[in-house]
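To start, the structure under review is shown below, and the notes come after it.
Residue numbering restarts at 1 for every chain, and letters A, B, ... go by the order of the sequence lines.
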Amino acid sequence: MVKVTLPDGKVLELQDGLTIGQAAGKIGARLARDAVAGKINGQAVDLNTPIKTDISLAIITANSPDGLEIIRHSCAHVMAEAICTIWPKAQLVYGPTVEDGFYYDIDLDEPIRPEDFGKIEKKMTEIAEKKLPFVRRELSREEAIKHVAGNKYKIDNINRAQGDTLSFYSHGQGFEDLCRGPHVPSTDRIGSFKVMSVAGAYWHGDPTQKMLQRIYGTAWRDKKELEEYLQMLEEAKKRDHRVIGKQLDLFSFHDEGPGFAFFHPKGMVIWNQITDFWRSVHKKYDYQEIKTPIILNQELWKLSGHWENYKENMYFTTVDEVEYAIKPMNCPGGCLVYRNKQHSYREFPMRVAELGLVHRHEASGVMHGLVRVRQFTQDDAHIFCVPEQIESEIVNVINLVFEIYSAFGFNDIHIELSTKPEKHIGSDEIWEVSTTALKNALESKKIEFQINEGDGAFYGPKIDFHISDCLKRTWQLGTIQLDFSMPQRFGLVYTDKDNTEKTPVMIHRAILGSFERFIGILIEHYGGNFPLWLAPEQMRVLTISEKTNDYAQKLRQMLKAEGFRCELDMSNEKVGAKIIKAHNDRLPYMLVVGPKEAETQSVNVRIRGTNESTGLETGRFIAAVKEKIVSKTQDLVI
RNA sequence: GCUGCUGUAGCUCAGUCGGUAGAGCGCGUCCUUGGUAAGGACGAGGUCAUGGGUUCAAAUCCCAUCAGCAGCUCCA
């Protein structure tokens with residue numbers, strides 16, 4: 001008999017030699033049915049692994065994230081077999097799971113096209129329906145190398161794998177692949193799947209290596225989850241900020257400036273609303289604001305270290321035989337401002353913000369609408385302080401971050417703390433002190449965070465903020481980075497209490513990151529349906545016939561005078577057509593006016609997304625809308 | 001930057017075998033004065049991304065360049 005300790009602490013006495021699948025059956029029939037794999041002493045293993053000694057055991061079901069990953073990985077194997085059946089010359093390289101699915105890299109000279117996906121899926125379904133068992137075979141390193149002789153990819157995988165024993169998985173019919181496992185018990189357990197896309201990818205991600213074909217697939221627990229996922233992708237496509245930006249006339253791009261966004265009047269309304277809000281909050285948090293030049297002498301960038309590390313991605317220009325660089329970051333300019341006069345510890349913490357326009361020459365293939373551009377405005381700030389102030393300053397920034405994000409409806413925030421990397425500058429002591437300060441700040445706010453060991457910048461540890469949009473997609477926005485390098489390089493000092501000169505701590509921080517990118521994210525988050533305070537056009541007066549043009553014009557003037565962004569549609573169309581146009585333009589409020597409204601000094605309000613309307617005395621409408629703008633609510637109901 | 005795909009009217013797109021270009025929406029004018037998801041008529045609008053080549057003839061075939069899209073690599 002062996003003792004099996006379950007996650008809840010219960011101990012099960014079992015006859016030795018039973019598999020963990022059978023053990024699951026002893027715990028419950030339902031658990032046995034849902035089981036896809038198990039965990040022995042924390043290590044994931046197949047269900048048919050026999051229990052030979054006392055262990056702690058957890059059963060992995062399809063409902064857990066681990067279980068889903070095993071389903072996807074198994075599905076990748078089935079897809080690989082399907083592809084190898086259709087294209088016998090295909091050589092398998094590597095097939096991991098990724099977020100929402102998996103891919104398989106394949107070396108095959110003949111291109112696999114989207115038209116082929118149906119064929120692959122059909123083959124996969126056939127394999128699934130046969131309910132073939134996944135079988136694990138273990139070989140010594142030596143045997144394994146012999147076993148895959150002639151296959152350079154598998155030999156390479158073996159050489160990169162850890163341990164002396166290597167495992168292969170087959171699921172009948174002669175198909176086999178090197179794999180750590182575990183896998184689901186049989187091919188009918190690979191969930192609901194779909195072959196999604198194909199793209200080129202280098203072997204090992206190395207551009208000098210052969211380009212392979214990467215086939216992406218997705219797999220979910222059941223058909224419903226797959227459908228939901230596909231629907232989410234459809235929804236994301238509809239919300240594409242590049243499409244909506246064009247539709248709503250917010251911004252454009254031109255060949256004359258690839259990667260440089262042109263903001264149109266309506267896009268600028270959004271931009272300015274965000275800026276106004278951003279400034280008001282920063283004022284509240286005792287920030288000062290500066291503005292530094294875009295073009296600065298190249299020597300400055302050699303001093304800051306940017307030239308050395310990033311010159312490939314910088315823009316340069318020569319004027320009067322002097323070399324200049326277009327700034328890729330704001331901090332060197334900020335340092336010059338700091339160095340412009342003497343500073344005392346009494347001024348600290350000194351919080352200096354800058355909405356700085358930076359240019360970075362991104363590779364041509366990476367640009368993407370507003371989300372990845374070559375010119376953008378950072379909502380930057382640099383905080384100069386003494387080491388003892390780091391913690392309270394971080395708390396201050398965190399409060400600011402939360403206040404700003406929540407105004408846009410981003411309340412699901414994920415935080416990561418990155419610590420000292422191998423290659424770094426600064427003493428271990430200062431790293432220790434400052435990393436602890438970052439940790440303490442997060443802990444004092446009772447915020448959960450993930451630690452990325454060794455992932456910090458070479459010049460200091462950092463905290464990153466990620467938000468989830470309404471489709472649960474995450475975006476990194478904010479960052480707080482301590483910098484031990486820049487103050488030294490620039491010789492920044494302050495006079496301390498003891499009348500000696502010391503080097504201040506410099507904290508870089510951005511909250512929205514890039515205005516351009518943030519607006520892109522907002523467009524997708526709201527699907528173009530901006531809340532009232534951000535909407536480029538908040539309301540539009542629609543006339544029923546030209547008989548009420550006078551009233552409509554007076555009404556519009558009055559609403560404008562109240563500070564609303566209000567336009568007027570007196571075009572020679574029926575109201576129905578005007579309603580459609582207003583809906584397409586994502587107008588929050590449509591104000592229909594005819595003789596009835598003119599007589600009673602009222603408006604007939606139709607709210608975006610509804611097909612009902614209500615008559616309302618104009619004064620009441622104004623009061624209700626004002627309240628909504630001030631509270632920044634997304635709810636439009638009056 | 002790399003691989004593959006794409007580039008036709010303001011927008012979305014069609015254009016067969018190589019024979020000098022089309023639709024819908026939008027825009028303009030006129031008719032219509034209509035109460036909540038498209039009233040009607042007429043009209044303007046194109047160096048078919050750019051440059052070269054093949055051909056009697058190129059939007060169409062070939063090459064190069066530029067830009068975009070998907071992915072890879074990258075993102076101080």
Side-chain angles (χ1 to χ4, degrees), chain A residues 98 103 105 111-114 196-216 237 240 242-243 246-249 252-259 301 304-314 327-332 358 360-369 371-374 376 378 380 456-460 462 476 479 481 483 485-486 508 510 513-514 517 542-549 570-584 590-597 604-615:
Chain A
V98 289
Y103 65 78
D105 280 350
I112 295 177
R113 298 176 189 286
M196 301 298 287
S197 60
V198 55
Y202 302 108
W203 192 29
H204 298 152
D206 177 352
T208 62
Q209 294 291 345
K210 183 167 185 184
M211 173 76 67
L212 308 166
Q213 297 196 60
R214 178 168 294 180
I215 321 288
Y216 283 88
K237 216 168 156 188
D240 190 323
R242 294 167 300 184
V243 175
K246 204 181 264 185
Q247 261 172 19
L248 301 187
D249 195 18
S252 58
F253 286 92
H254 303 271
D255 287 359
E256 289 80 354
W301 304 100
S304 70
H306 290 105
W307 192 84
E308 195 186 339
N309 291 309
Y310 303 106
K311 62 173 178 293
E312 261 68 64
N313 294 312
M314 288 170 65
K327 71 173 173 182
M329 287 197 95
N330 302 304
C331 29
V358 298
R360 298 178 181 180
H361 187 261
E362 303 283 1
S364 59
V366 304
M367 286 182 303
H368 183 90
V371 169
R372 188 91 182 259
V373 287
R374 285 178 172 164
F376 59 96
Q378 278 185 320
D380 216 341
F458 73 90
Y459 50 76
K462 61 172 183 172
Q476 195 209 312
T479 182
Q481 307 186 355
D483 189 341
S485 162
M486 200 83 64
H508 306 252
S514 139
R517 180 164 179 271
L542 313 179
T543 54
I544 281 168
S545 79
E546 62 191 22
K547 286 176 194 147
T548 38
N549 277 1
M570 292 197 301
S571 63
N572 192 359
E573 282 295 340
K574 292 189 174 183
V575 231
K578 297 185 189 183
I579 294 276
I580 290 179
K581 187 158 189 339
H583 260 127
N584 286 340
M590 293 157 247
L591 310 174
V592 177
V593 296
K596 208 163 34 177
E597 286 73 26
N604 191 272
V605 185
R606 177 156 167 165
I607 299 170
R608 180 174 67 199
T610 71
N611 44 21
E612 287 155 29
S613 63
T614 23

**OP:** For B/rA44 and B/rG10, measure between their P atoms and round to the nearest Å.
**Re:** 16 Å

Whichever of A/P328 and A/R242 has the more 5' nearest nucleotide on RNA chain B, that residue is A/R242

Checklist entry - What interatomic distance, in whole Å, is found between C1' of B/rA41 and the corresponding atom of B/rG4? => result 48 Å

query: Closer than 4.0 Å, any side-chain N/O of A/H368 to the OP1 or OP2 of B/rA70?
result: yes

### Message
Mind checking if A/F253 touches a base, just sugar-phosphate, or nothing, with heavy atoms under 4.0 Å?
### Response
nothing

- Query: On a plain distance test, is the side chain of A/R214 in donor-acceptor contact with the base of B/rA70 below 3.5 Å?
  - Reply: no

Say we look at B/rG19 and B/rG40: how far apart would their P atoms be, to the nearest angstrom? 36 Å

CG of A/N604 to CZ of A/R606, rounded to nearest 0.5 Å, is 10.0 Å

From NE2 of A/H361 across to P of B/rC74 the rounded distance in Å is 18 Å

For nucleotides B/rG28 and B/rA37, find the distance between their P atoms and express it as a whole number of Å. 24 Å

Residues at least two apart in sequence or cross-chain that pass ring pair (Phe, Tyr, Trp, His ring centres under 6.0 Å) with A/Y216, listed by chain then number, are A/Y103

Considering only nitrogen or oxygen atoms on both sides, find all protein atoms under 3.5 Å from nucleotides 45-52 of chain B and state each distance.
none

Taken in chain and number order and not counting sequence neighbours, the residues that satisfy side chain to side chain contact (heavy atoms under 4.5 Å, CB included) with A/Y310 are A/H306

Reckon A/S197 touches a base, only the sugar-phosphate, or nothing at all at heavy-atom distances under 4.0 Å?
-> nothing

Taken in chain and number order and not counting sequence neighbours, the residues that satisfy salt bridge (charged side-chain N to carboxylate O under 4.0 Å, His left out) with A/D483 are none

When rounded to whole Å, the CD1 to C1' distance for the pair A/I215 and B/rA70 reads 13 Å

Whole-Å distance, A/R374 CZ to B/rC74 C1', equals 13 Å

Check your understanding: What distance, rounded to whole Å, do you find between the two P atoms, one in B/rU73 and one in B/rC62?
Key -> 31 Å

Sorted by chain and residue number, the salt bridge (charged side-chain N to carboxylate O under 4.0 Å, His left out) partners of A/D240 (sequence neighbours excluded) come out as A/R242

Comparing A/K581 with A/A201, nearest RNA chain B nucleotide closer to 5' gives the residue A/K581

query: Do A/R517 and B/rC75 have a side chain to base donor-acceptor pair shorter than 3.5 Å?
result: no

Taking B/rG68 as the reference, what is the distance to B/rU12 when you measure between their P atoms (whole Å, please)?
15 Å

Residues at least two apart in sequence or cross-chain that pass salt bridge (charged side-chain N to carboxylate O under 4.0 Å, His left out) with A/R374, listed by chain then number, are none

In whole angstroms, the gap separating C1' of B/rG10 from CD of A/Q247 amounts to 14 Å

Stems field, RNA chain B, Watson-Crick or wobble, 3.5 Å, at least 3 pairs, by first number, holds B:1-7 with B:66-72, B:10-13 with B:22-25, B:27-31 with B:39-43, B:49-53 with B:61-65

Looking for any heavy atom pair under 4.0 Å, which part of the strands does A/M367 touch: base, sugar-phosphate only, or nothing? sugar-phosphate

message = Regarding B/rA37, can its base be found pairing with the side chain of A/H583 as donor and acceptor, where the two atoms are less than 3.5 Å apart?
response = yes

Which atoms of nucleotides 2-6 of chain B (N or O only) lie under 3.5 Å from a protein N or O atom, and what are those distances?
{"from": "B/rC2", "atom 1": "O4'", "to": "A/Y202", "atom 2": "OH", "distance (Å)": "3.2"}
{"from": "B/rC2", "atom 1": "O2'", "to": "A/Y202", "atom 2": "OH", "distance (Å)": "2.2"}
{"from": "B/rC2", "atom 1": "O2", "to": "A/Y202", "atom 2": "OH", "distance (Å)": "3.1"}

Looking only at B/rA37, B/rC11, B/rC75, the nucleotide nearest the A/I580 side chain is B/rA37

Taken to the nearest whole Å, CG/A/L212 to C1'/B/rU73 is 13 Å

Across all chains, not counting sequence neighbours, the side chain to side chain contact (heavy atoms under 4.5 Å, CB included) partners of A/L212 are A/V93, A/D105, A/D107, A/Y153, A/W203

List every contact pair, protein side and nucleotides 33-35 of chain B side both N or O, where the distance is under 3.5 Å.
{"from": "B/rU33", "atom 1": "O2'", "to": "A/K547", "atom 2": "NZ", "distance (Å)": "3.3"}
{"from": "B/rU33", "atom 1": "O2", "to": "A/E546", "atom 2": "N", "distance (Å)": "3.0"}
{"from": "B/rU33", "atom 1": "N3", "to": "A/E546", "atom 2": "OE1", "distance (Å)": "3.3"}
{"from": "B/rU33", "atom 1": "N3", "to": "A/E546", "atom 2": "OE2", "distance (Å)": "3.3"}
{"from": "B/rU33", "atom 1": "O4", "to": "A/E546", "atom 2": "OE1", "distance (Å)": "2.9"}
{"from": "B/rU33", "atom 1": "O4", "to": "A/E546", "atom 2": "OE2", "distance (Å)": "3.0"}
{"from": "B/rG34", "atom 1": "OP2", "to": "A/K547", "atom 2": "NZ", "distance (Å)": "3.3"}
{"from": "B/rG34", "atom 1": "N7", "to": "A/I544", "atom 2": "O", "distance (Å)": "2.3"}
{"from": "B/rG34", "atom 1": "N1", "to": "A/N572", "atom 2": "OD1", "distance (Å)": "3.3"}
{"from": "B/rG35", "atom 1": "O6", "to": "A/P595", "atom 2": "N", "distance (Å)": "3.3"}
{"from": "B/rG35", "atom 1": "O6", "to": "A/K596", "atom 2": "N", "distance (Å)": "3.1"}
{"from": "B/rG35", "atom 1": "N1", "to": "A/E597", "atom 2": "OE1", "distance (Å)": "2.7"}
{"from": "B/rG35", "atom 1": "N1", "to": "A/E597", "atom 2": "OE2", "distance (Å)": "3.4"}
{"from": "B/rG35", "atom 1": "N2", "to": "A/E597", "atom 2": "OE1", "distance (Å)": "3.3"}
{"from": "B/rG35", "atom 1": "N2", "to": "A/E597", "atom 2": "OE2", "distance (Å)": "2.8"}

From the candidates B/rA76, B/rC75, B/rA37, the one with an atom nearest any side-chain atom of A/R372 is B/rC75

Within the structure shown, what part of the strands sits under 4.0 Å from A/Y216 by heavy-atom distance: base, sugar-phosphate, or nothing?
sugar-phosphate

Residues at least two apart in sequence or cross-chain that pass salt bridge (charged side-chain N to carboxylate O under 4.0 Å, His left out) with A/R372, listed by chain then number, are A/E362

Across all chains, not counting sequence neighbours, the side chain to side chain contact (heavy atoms under 4.5 Å, CB included) partners of A/S571 are A/D569, A/E573, A/K578

Rounded to whole Å, NZ of A/K246 lies from C1' of B/rC25 at a distance of 15 Å

note: A/D105, atom CG; B/rG71, atom C1'; distance rounded to Å ~ 11 Å

